[in-house]
Amino acid sequence: MNIQWDAEKYTDDFSFVHRYGDGVTGLLENQENMTVLDLGCGNGALTEKLSQTCARAIGLDASAELLKIARRKYPDLKFIQADATNFELPGPVDAIFSNAVFHWVDAAKQPDMLRCVYRALKPGGQFVFEFGGCGNNRLIHMALEEAFAKRGLPYRMPFYFPTIGAYSALLEQAGFKVVSMTLFDRMTELKGPDGLADWIRLFVKRPFGELSEDTRREIVEEAVNALKKDLYRSGVWFADYVRLRGKALKA
Ligand code: BEZ
């Protein structure tokens, strides 16, 4: 995972990412007695929430910028800087939690990440997660692909949005017992009059590569205009999120 974050903007304007973590936390049993790792903790907002219900919560993230914010806001919590696809903890934990992270990890790297997760858990340990599933932001990516195609440019999907079947198979290959997995739509309200354009600029960087600032702006404008009929309602922008939420146990 190698993402350059506008850490402050992410923290200020896209706080819904953390608000939606509650449904995943609810999958964890016996929280009061356990140490939990927040994998891809970002600015630490959910690590802090977990620390209120669990005996101990630790955050892990690759981004130095986001960890700087996390350590400043939550000086009593432990945060580790490491890549989710290549990490090792000093000792095993009872549970691993992750929200809105795994779609950033390339398909080819998912087995590496799941191997690290498996190794980091105690026997019987709980692994709960939510991230973008099959069909996530389909309208947004289709509109961008169309604007790229109009200019003779290829649009390479920068995210991993698997089906229930594909992700269950990966978990089982890594040794996990899958106990639940759901895929559901969640139209998500975006902040501000340019909410969708801001979302695209912050999150969809890779396909634009070396394109000039003018071309980038034109493509974003064109896609946003095309999406207005589907994603703009009563003065508010939405993103067409689809979540894959699951729980697996270390066998
Ligand atoms: C998501 O949470 O599904 C997501 C966020 C940013 C980019 C892609 C997906």
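When a ligand or atom number is given, it counts from 1 through the structure's own listing order. Residue numbers count from 1 along this sequence. Values below: all heavy atoms of this structure, side chains included; hydrogens, waters and symmetry mates excluded.
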- [ ] May I ask you to check whether Asn136 has an N/O atom sitting below 3.5 Å from an N/O atom of ligand 1?
- [x] yes
- [ ] Select one of side chain, backbone, both or neither to describe which atoms of Phe159 lie under 4.0 Å from any atom of ligand 1, heavy atoms only.
- [x] side chain
TODO: Check each heavy atom of Asn137 against ligand 1 and say whether those closer than 4.0 Å belong to the side chain, the backbone, both or neither.
DONE: side chain
Task: Neighbour count >12 (heavy atoms, 6.0 Å) for atom CZ, Arg138 - done: no
Task: Passing candidate, side-chain contact (heavy atoms from CB on, under 4.5 Å) with Trp237, options Lys191, Lys228, Glu189 - done: Lys228
Validation: residues 159-173 side-chain donor-acceptor distances under 3.5 Å, sequence neighbours left out:
| unit_1 | atom_1 | unit_2 | atom_2 | d |
| --- | --- | --- | --- | --- |
| Thr163 | OG1 | Ala166 | N | 3.0 |
| Tyr167 | OH | Gln110 | OE1 | 2.8 |
| Ser168 | OG | Ile164 | O | 2.8 |

TODO: Please answer: with hydrophobic residues joined when any side-chain heavy atoms are less than 4.5 Å apart, are Leu231 and Val204 in the same cluster?
DONE: yes
Task: Ligand-side contact atoms (ligand 1) for residue partner Phe203, heavy atom cut-off under 4.0 Å - done: 6 (C), 7 (C)
